Colleague: 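Could you have a look at this structure, given as structure tokens, before my questions?
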2 protein chains.
Amino acid sequence: MLSFFTVDCVIFTFHEGALKILLAERNEYPYKDWWALPGFFVEKEEEMEDAVKRISYEHTGLKDIYLEQLAAFAGLKRHPEGRVLTVAYMALVRYEDVKNKIKPVTNYMKQVKWFDVSKMPALAFDHGNILSLSLRKFKTSLHYSLAPFELLPEKFTLTQLQQVYEAILGEPLDKRNFRKRISNLGYLKELNEFQTGVSYRAARLYKLDKRKFQKLFS
Amino acid sequence: MLSFFTVDCVIFTFHEGALKILLAERNEYPYKDWWALPGFFVEKEEEMEDAVKRISYEHTGLKDIYLEQLAAFAGLKRHPEGRVLTVAYMALVRYEDVKNKIKPVTNYMKQVKWFDVSKMPALAFDHGNILSLSLRKFKTSLHYSLAPFELLPEKFTLTQLQQVYEAILGEPLDKRNFRKRISNLGYLKELNEFQTGVSYRAARLYKLDKRKFQKLFS
DNA sequence: ACAAAAGTGTTCGCAATACACCCATGG
DNA sequence: CCATGGGTGTATTGCGAACACTTTTGT
């Protein structure tokens, strides 16, 4: 028998060479004025994953985003008013798709904002734990995961892809080794298109070949 | 707002060269006479992990076993009487510790039994999903995990360890390569003790050096 | 011409793989 | 002496890591 059931979302994006997470500033007790992960109650007749989609949509204006369940948190003391079980999800969005759309959903929140992963404030409830779990999981599954491509536009440069990897791992990678490894894996399609609007040599664009990727990590 | 909250346990052990899972035969509708994962309701004032420990203890007579959370399942249709949210855990026990202790807990169950992982019956509810998720996770985390050692006695032979790996991966491994790899990792302590009671050359016993293991995968 | 980032090869060491025979022990 | 599993070495190959310079383009 359980009192409350919520979902919380760690929504990642990638912008200006950095991994960012969407946080909401609370306007209600407990933890008024603290930053927290976007989350809300799951409705009585609502599927859990639909609740996650609803919440992500309300905050970012996007549907059909990449979702992955992280874990359930059910500590009796995680909320002062008794057990609130939450299931945490990780969501990935493309910055280009979302940039002017983020907004607070209810007046429970004052504002929402992207935070650089390396400059996170203290978080309400146990959201700090959820966050660090999500980062750890992100790192360890990186090499078999479509996740990096969910953070980039459909067509991207190898440097952008490398920056995503570096942001997730939190460490720099060697350019030549990175390109060699990725191209050996063979799931990138080289396009005959190039960057535009840069004041230096334009980089070639690539696309993910999902078929080949799936074949590799079935 | 949620009606019911349960935990389900995928309890693994290792015996006679095979990976086994503990199942309970239901004696109540729905799914009367079906086999299911051991699980039960989480009490109102009980921590989720304590509920898992309680249920494992009641079935196996063991305390302080290895536990790991797998995932939450909350589908509205997973139980005919409405949403029953369950959090699935994986538990590992040593067969020697548990062999004559397993028993059904309530008269909701007719019997409990170890099933060879390669010969599982159809399972009640969505327990088949839970099971296959646990096996996949077990495999992928194997090389950085203490799990194999939680299935073996404190002192074990290299052949036993190899059999555990083979049972989890579901494929045979080369003896020389396995031993070379394991001994390069350097977290096994070679003992000056040997198997007894076998009618062939007695194998050397080894122990895990947890310190070195932790240092390696911090 | 300069600034900025794109793009490109080689060497080295380690780890994974494939593979087969002799040894020790108890019965 | 036989059955059973214990224990051992080598050659090959592929992958990750270290490392620096030339090319292209726009201004």
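Hydrogens, waters and symmetry mates play no part in the numbers below; they use all other heavy atoms, side chains included. Note that this is a predicted model, so its numbers are computed, not measured. Numbered from 1 within each chain, the chains take letters A, B, ... in sequence-line order.
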Colleague: Any base atoms under 4.0 Å from A/N184, or only sugar-phosphate, or nothing? Heavy atoms, all strands.
Modeller: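 The residue A/N184 makes no contact with any strand.
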Colleague: Verify the neighbour count for atom OH of A/Y57: are there more than 12 heavy atoms of other residues, nucleotides or ligands below 6.0 Å?
Modeller: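 No, OH of A/Y57 has 12 or fewer neighbouring heavy atoms, counting only those of other groups under 6.0 Å.
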Colleague: For A/R201 and B/R201, take the nucleotide of DNA chain C holding the closest heavy atom to each; which residue's nucleotide lies nearer the 5' end?
Modeller: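 Counting from the 5' end, the first nearest nucleotide belongs to A/R201.
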Colleague: At under 4.0 Å, does any side-chain N or O of B/R179 touch on OP1 or OP2 of D/dG7?
Modeller: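 Looking at the OP1 and OP2 atoms of D/dG7, one of them is under 4.0 Å from a side-chain N or O of B/R179.
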Colleague: Report the residue (A/K180 or A/F194) whose heavy-atom-nearest nucleotide on DNA chain C is the more 5′ of the two.
Modeller: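 Its nearest nucleotide being more 5', the pick is A/F194.
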Colleague: Going by heavy atoms in the side chains, are B/K155 and B/Q195 under 4.5 Å from each other?
Modeller: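 B/K155 does not reach B/Q195 side chain to side chain.
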Colleague: Expressed as a whole number of angstroms, how long is the span from B/R204:CZ to C/dT25:C1'?
Modeller: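 Those two atoms, CZ and C1', are 15 Å apart.
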Colleague: Can you tell me which nucleotide in D/dG6, D/dG16, D/dG9 comes closest to the side chain of B/N177?
Modeller: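 Given the options D/dG6, D/dG16, D/dG9, the side chain of B/N177 is closest to D/dG9.
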Colleague: Using a strict threshold of under 4.0 Å (side-chain N to carboxylate O), is an ion pair present between A/E154 and A/K207?
Modeller: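 Result for this pair is yes, salt bridge flagged.
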Colleague: Rounded to whole angstroms, how far apart are CZ on B/F178 and C1' on D/dG6?
Modeller: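 About 14 Å, once rounded to whole Å.
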Colleague: What is the distance, to the nearest angstrom, from the OH atom on A/Y200 to the P atom on C/dG7?
Modeller: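 Between P of C/dG7 and OH of A/Y200: 11 Å.
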Colleague: OH of A/Y165 versus P of D/dA17: gap in Å, rounded?
Modeller: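 The distance from OH of A/Y165 to P of D/dA17 comes to 14 Å, rounded to the nearest Å.
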Colleague: Between B/E25 and B/K113, does any side-chain N to carboxylate O distance fall below 4.0 Å?
Modeller: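 The answer is no: the pair does not qualify as a salt bridge.
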Colleague: Measure the distance from CG on A/L173 to P on D/dC19 and round it to the nearest whole Å.
Modeller: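 Rounding to the nearest Å, CG of A/L173 and P of D/dC19 are 15 Å apart.
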Colleague: For the pair made of CD in A/Q162 and P in C/dA5, what is the distance, rounded to whole Å?
Modeller: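 Atom-to-atom, A/Q162 to C/dA5, this comes out as 13 Å.
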Colleague: Check the distance between D/dC15's C1' and A/I182's CD1 and give it to me in whole angstrom.
Modeller: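 A/I182 atom CD1 is separated from D/dC15 atom C1' by 14 Å.
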Colleague: Calculate the interatomic distance between B/R181 atom CZ and D/dG7 atom P; express it in whole Å.
Modeller: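 Rounded to whole Å, this separation is 18 Å.
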Colleague: Does the D/dC19 base have a donor-acceptor partner in the side chain of A/R176 within less than 3.5 Å?
Modeller: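 It does, because a donor-acceptor pair links the side chain of A/R176 to the base of D/dC19 below 3.5 Å.
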Colleague: Are any of the side-chain nitrogens in A/K53 or A/D64 under 4.0 Å away from the carboxylate oxygens of its partner?
Modeller: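 Salt bridge absent between A/K53 and A/D64.
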Colleague: Verify the contact: side-chain N or O of A/T159 to OP1 or OP2 of C/dA6, cut-off strictly under 4.0 Å; return yes or no.
Modeller: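 So the side chain of A/T159 is within the cut-off, an N or O lying under 4.0 Å from OP1 or OP2 of C/dA6.
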